[in-house]
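Got a structure for you, questions after.
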Amino acid sequence: MSDALLTLEGVHTHIGRYHILQGVDLVVPRGGFTILLGRNGAGKTTTLRTIMGLWRASQGTIRFAGADVTARPTPDIASAGIAYVPENMSIFSGLTVRENLVLAARAGPLQAGKLERIFSLFPALERFYGLAAGALSGGQKQMLSIARALIEPRDLILIDEPTKGLAPAIVTNMIRAFREVKKAGATVLLVEQNFMAARMLGDTVAVMDDGRIVHHGAMAELAADHALQHRLLGLHLDTHQ
Amino acid sequence: MTDAAAPGKEEVRVGAAPIDWIPIVLTATVALAALPLVGSFSTWVTLTVAGLAMGMMIFIMASGLTLVFGLMDVINFGHGVFISVGAYVSLLVLWPLSGWVNSPSVALNVGVFLLCILLSMAATGLFGWAFERVIVRPVYGQHLKQILVTMGGLIVVEQLIHVFWGPSPITIALPESFRGAIALGPGMVAERYRLIAVAVGLVVLIAMLVILNRTRIGLLVRAGVENPEMVEALGYHIRRLFVGVFVAGSALAGLGGVLWGFYQQTLTAGMGLQVLVLIFIVVIIGGLGSIGGCFIGSLLVALVANYTAFLEPKIALVSNIGLMLIVLLWRPRGLYPVAGH
């Protein structure tokens, strides 16, 4: 695929004696949202962590923007242009919101323009700019975690279950923010269990099961095909809104 | 390019990271509670100043270790040897410049003291860099091996000190103008050197707070102590940061060694190992990776040690173990727990 930004070919990952990823083949096209779906334990989080180099691929190749990043250290992968928003948010709770953003802005000091964009997406962060991040609510922490990934231009953003455990109103705000990000032309690989959000945001979709990609195609196709949904996920997207 | 200003003040709860005052009040309460037990106000002042001086020196020695613990989860039993090396390296200044030590000139006394500090910090910083590279790096993530290997490194270096400086204890003299005591009031005196140690400790504390809170490196260290993996995911090489912290921590231990050596006025190769027990107690009491906790923990440990040594010498040896037990029963993750530890 000529417009592929990220490609995984036959990627295996072992964690201790467990063989988690068992030959993942995945293509993330440039621009738009690719949604990674699958049951719990299918290997979605492991896939993101392996892309970031936080867990090492024991076999296979990961290519980003044409370069082999399989064996590169995590900081080098991040510097190459991949941002990561982990499932547990991993904000620095002892640092203020500002300090969290300062660290994420690797290119230099925070610029007003960048901050304004972040605050327009997540107004709560403006209100609590000087507050210790540990004192934020769960939704605000998630916003901060995503804001860290957006403060600098990145070629690819990996986001792991951003709506997990959040109140419906906050999920709605989050989806609105992601739509703005999408409009700006970002490429996002999004792990999401909230199928409504997945359907609203996704351009392409990959479904994982037992450490492998078992389906890859357009989100609209999966959303329209109830039989396929049932076969791949054991449910219908319409019933999980 | 400048840092964007914070939003309007009315919208921001500035400095909102709340200070936990309880451990600070506890330390002050311990000091005040000792007053009626000691009985004499002047004796209490002397004990308190001694405790503060000892606490500052322990803080200087322990601060590097707590960051190393916090940042890379490395248990470095070899930290004590940097204290010994720092103290012994000061001999390279004190012996050739003994005239400066015994001179009545304050300038020469301060000069020789600063030269001792600078040379010891440079030497222990360099030594720390080599220690991390040769001894610590191969055992990242393996706690048992870390304990064995760093303890082994400590023993080897202690023996090397015996080889270079001999096995006998070496006595050193304080610079002339650092000797004696000054009157703080009627019947109250404080040794000059203890006050100097307090001043040096405060300078180190302020410098560390400024670096940790006002610089990007400091932010990275604080973030790394909390979540090193996420720091790497943001694009920073935590290993390089760790080497820097290890070197700085070693240099601070060297500084502590110089201060401790002058305090004891006797140098032995095992002096670092002896004080290492106190340092570990401080690091655990304070909360792994917490500089503020390390500072308060140091003062608490030193004050309790001084008061109990005066009131009930028999229990002085176990007083700090008892203190650690009480603190951990109250706050199992230390006085100032760091997220992620």
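Small disclaimer: the values here were computed from a predicted structure and weren't measured. Note: hydrogens, waters and symmetry copies are ignored here, and every other heavy atom, side chains too, is used. Proteins come first, then strands; the chains are lettered A, B, ... in the order of their sequence lines, and each starts at number 1.
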Neighbour count >12 (heavy atoms, 6.0 Å) for atom CG, B/Leu202: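 Count over threshold, so yes.
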Within 6.0 angstrom of B/Arg216 CZ, more than 12 heavy atoms from elsewhere: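 Atom CZ in B/Arg216 is packed in, count exceeds 12.
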Side chain proximity check, B/Leu335 to B/Trp330, heavy atoms < 4.5 angstrom: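 Yes, their side chains come closer than 4.5 Å.
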Point-to-point distance, once rounded to the nearest 0.5 Å, from CG of A/Asp160 to CG of A/Leu48: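 Interatomic distance, A/Asp160 CG to A/Leu48 CG, rounded to 0.5 Å: 5.0 Å.
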Part of A/Ala104 within contact of chain B (heavy atom distance under 4.5 Å):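 Both backbone and side chain.
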Max heavy-atom pair count under 4.5 Å with chain A, selected residue of B/Asn227, B/Asn213, B/Leu219: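 With the most close heavy-atom pairs to chain A, the winner is B/Leu219.
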Side chain / backbone / both / neither for A/Ile77 at chain B, heavy atoms under 4.5 Å: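 Neither part.
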Contact leader toward chain B among A/Ala78, A/Pro86, A/Ala133, A/Gly134, where contacts are heavy-atom pairs under 4.5 Å: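 Between A/Ala78, A/Pro86, A/Ala133, A/Gly134, the count favours A/Ala78.
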